[in-house]
Amino acid sequence: MTVHNAEIAEMFDRMAILLEIQGANPFRVRAYRNAARTLGGLPRSVSDMLCEGEDLSKLPDIGKDLAGKIADIVETGQFAALRDVEREVPAGLVELTRLPGLGATRVRVLYEELGVSDIGGLRRAAKSQRIRELRGFGAKTEQRILDALSRRAQEERRYKLADVEPIANSYVRYLEAIPGVKEVIVAGSYRRRKETVGDLDILVTCEKGSPVMETFVEYDEVDAVVSKGTTRSTVLLRSGLQVDLRVVAQVSYGAALYYFTGSKAHNIAVRTIAVKKKLKINEYGVFKGKRRVAGATETEVFKAVGLHYIEPELREDRGEIEAARKNRLPHLVSVGDVRGDLHVHTTATDGRHSLKRMAEAAKELGYEYLAITDHSKRVVVAHGMDEKRLRKQLAAIDRLNEELRGVRVLKGVEVDILESGKLDLSDSILEQLDLTVCAIHTGLGLSRERQTERIIRAMDNPHFTILAHPTGRLINQRAACDVDMERVMQAALERGCYLELNAQPDRLDLDDAHCRMAKDMGLKLAISTDAHTADNLSYMRFGVDQARRGWLEPEDVLNTRSWRKLQKLLVRL
DNA sequence: GCCGTTTTCGGCCCGACTGTTTTCAGTCG
């Protein structure tokens with residue numbers, strides 16, 4: 001049985017919390033958290049790495065000890081040290097620390113003084129008003145705990161970037177209209193363009209005396225005010241989304257923007273560099289003693305610690321700091337580099353708009369080409385096409401290309417990869433196409449070995465061009481199917497095939513770590529919207545965001561090329 | 001428990017807000 005990185009990361013996180021409750025050395029606690037984070041962002045499975053004899057202690061924040069523990073977990077499926085700790089501290093306490101306002105220290109007091117060991121016990125203790133009696137607690141804390149318990153279900157959520165965007169935009173417009181407000185910008189993971197965000201961090205600069213804080217908490221969608229101060233306030237919206245507002249002076253704008261953009265891990269790493277240079281970084285600036293040496297712009301802040309400017313999407317402490325020091329940062333792809341879309345649907349299957357309308361929408365975006373890739377017959381629910389209907393569509397594309405100017409419509413299909421690894425349409429029709437987008441829609445639950453074999457067998461077909469939405473995941477809904485992505489990418493490289501970064505906000509599949517892995521292996525990706533309406537073509541920006549998080553440059557992306565150059569790349573090896 | 005262009009030992013990011021206290025600990029980002 002393969003142990004997944006995420007499972008080991010989860011064990012380390014639990015370990016960190018339990019150790020913290022026990023009152024262990026906080027740096028030891030942090031070491032587990034850091035290691036969990038490293039594992040979470042790793043594109044390759046540590047099981048595979050161990051199989052290939054790699055030394056895990058070379059990974060950041062993983063030393064000899066944790067490398068050994070990981071090896072044990074992979075081998076036995078068990079984390080012995082965690083089980084030892086769980087014998088001393090109830091495992092249910094982990095859940096309690098996830099409630100806002102409760103950290104390890106308070107959870108320990110609740111356990112030791114009141115015997116609270118799980119959510120149910122906490123609720124009983126709060127309802128019987130025993131918590132307010134404890135030293136360091138009070139009636140308000142007790143009420144906050146009850147509120148948190150009743151709200152718990154919705155609070156764990158992370159929101160898809162695309163869902164949060166309109167909420168963020170209207171809040172920003174509201175804040176911009178407040179007298180005295182100068183700049184309003186959303187920082188945090190939203191600015192880093194993470195696929196999901198847990199909350200919004202809004203940064204504001206304003207003139208003295210601006211009623212920005214009062215007005216902020218009076219916003220129409222605010223459900224509750226969590227905290228309110230002169231420089232920082234937090235509210236909960238009716239949607240459940242938490243929004244933080246920070247107010248800083250103009251002279252600190254860059255430092256504050258940098259600070260609140262994060263990620264936390266990136267900030268900590270850069271601060272550590274600053275400390276070595278006898279500098280201090282906080283949200284007000286970079287300081288040498290009491291003297292501010294930088295802070296008005298982010299570039300200034302980076303420069304002060306000897307780094308080139310790092311794009312927000314890269315700030316995850318995944319090597320960007322080292323790259324910035326050596327001036328080896330990637331020149332990230334942007335939406336303007338994209339010359340076409342290689343995966344869209346029409347009314348021929350489950351799309352809502354006609355072939356012609358889709359082509360015109362592509363032309364309006366300034367695209368040079370657009371590949372029509374409707375479903376194949378296997379996908380019955382989407383009214384998938386057989387050879388006969390596809391042939392008819394190809395003729396329609398020929399006619400449209402004669403009439404259209406400025407954009408070329410490419411002939412394609414989203415052909416199903418059957419469980420046998422065969423493609424869902426005959427070679428005789430596939431060979432008439434400019435490209436194929438090949439996808440799995442059934443049998444997502446196959447074992448890792450069989451799924452990997454299935455995809456690679458499909459790639460053996462010389463008409464296979466691009467593997468669409470490679471893991472099949474749906475964010476917050478469906479886990480990625482189990483597949484050895486490194487082998488799949490290697491197989492694609494050897495055959496002259498490609499993988500897709502599907503830009504649908506629900507998919508964003510490949511994820512950032514896999515994009516990075518493709519780049520490191522030298523495999524090019526297509527960023528495609530999988531548009532089912534003309535409007536959906538604008539999803540490209542989410543795909544580009546994800547690509548940037550994966551360090552992709554224009555040359556790493558197939559569809560930044562002119563059709564003439566792209567055509568050459570689509571020829572199989 | 002990790003890590004090293006000051007270190008293989010002795011460090012390990014920094015500040016705001018809240019509630020409970022009466023000068024601060026805990027939590028959070």
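The figures that follow rest on heavy atoms only: side chains count, while hydrogens, waters and symmetry mates do not. Just so it is clear: chains get the letters A, B, ... in the order the sequence lines come, proteins before strands, and each one is counted from 1. These figures come from a predicted structure and were not determined experimentally.
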**Request:** Determine the Euclidean distance between corresponding C1' atoms of B:dC14 and B:dG4; express it in Å to zero decimal places.
**Result:** 23 Å
**Request:** Identify whether any heavy atom of A:Arg106 sits under 4.0 Å from a base atom; if not, whether one sits that close to sugar-phosphate; answer base, sugar-phosphate or nothing.
**Result:** sugar-phosphate
**Message:** Looking only at the aromatic ring of each residue, does the gap between the centers of A:Phe12 and A:Phe79 stay below 6.0 angstrom?
**Reply:** yes
**Prompt:** Would one find more than 12 heavy atoms of other residues, nucleotides or ligands at under 6.0 Å from atom NZ of A:Lys160?
**Reply:** yes
**Item:** A:Arg328, CZ atom: more than 12 neighbouring heavy atoms under 6.0 Å
**Value:** no
**Complete:** Of all heavy-atom pairs linking A:Glu142 and A:Ile131, the shortest is OE2-N, 3.1 Å
**Prompt:** With rounding to whole Å, what would you report as the distance between B:dT20 and B:dC28 at their P atoms?
**Reply:** 15 Å
**Prompt:** More than 12 foreign heavy atoms under 6.0 Å from NE2 of A:His308: is that the case here?
**Reply:** no
**Asked** For A:Pro60, which contact category applies under a 4.0 Å heavy-atom criterion: base, sugar-phosphate, or nothing?
**Response** sugar-phosphate
**Asked** Checking side chain to side chain donor-acceptor pair (under 3.5 Å) against A:Glu316, which of A:Lys264, A:Arg192, A:His266 comes through?
**Response** A:Arg192
**Prompt:** Quantified in whole Å, what is the P atom distance between nucleotide B:dG1 and nucleotide B:dT5?
**Reply:** 24 Å
**Request:** Check every strand shown and say whether A:Asn267 touches a base, only sugar-phosphate, or nothing at a heavy-atom separation below 4.0 Å.
**Result:** nothing
**Request:** Write down the distance separating the C1' atoms in B:dT27 and B:dC13, rounded off to the nearest Å.
**Result:** 16 Å
**Prompt:** Under 6.0 Å between ring centres, would you say that holds for A:Tyr284 and A:Tyr259?
**Reply:** no
**Message:** Pair A:Gln546, A:Leu501 - check side-chain contact (heavy atoms from CB on, under 4.5 Å), show working.
**Reply:** CA-CA 8 Å; A:Gln546 186 84 313; A:Leu501 161 49; 3.9 Å; yes
**Prompt:** Which value, in whole Å, describes the distance between the C1' atoms of nucleotides B:dG11 and B:dT18?
**Reply:** 31 Å
**Request:** Taking heavy atoms of chain A and a 4.0 Å limit, find me the 5'-most and 3'-most nucleotide of DNA chain B within that range.
**Result:** B:dG1 to B:dG29
**Message:** Please classify the nucleic acid contact of A:Ala139 as base, sugar-phosphate, or nothing, using heavy-atom distances under 4.0 Å.
**Reply:** sugar-phosphate
**Request:** Determine the Euclidean distance between corresponding P atoms of B:dA25 and B:dT21; express it in Å to zero decimal places.
**Result:** 13 Å
**Asked** Paired with B:dT8 by Watson-Crick or G-U wobble geometry, both distances under 3.5 Å: which nucleotide is it?
**Response** none
**In B:dT20, glycosidic geometry as syn within 90° of 0 or anti otherwise** = anti
**Prompt:** Touch check for A:Phe260, heavy atoms < 4.0 angstrom, all strands: base, sugar-phosphate only, or nothing?
**Reply:** nothing
**Request:** Write down the distance separating the P atoms in B:dC9 and B:dC17, rounded off to the nearest Å.
**Result:** 43 Å
**Request:** Describe the nucleic acid contact of A:Thr234 in one word from base, sugar-phosphate, nothing, applying a heavy-atom distance below 4.0 Å.
**Result:** nothing
**Complete:** Within residues 280-292 of chain A, those residues having any heavy atom closer than 4.0 Å to DNA chain B are A:Lys280, A:Ile281, A:Asn282, A:Glu283, A:Tyr284
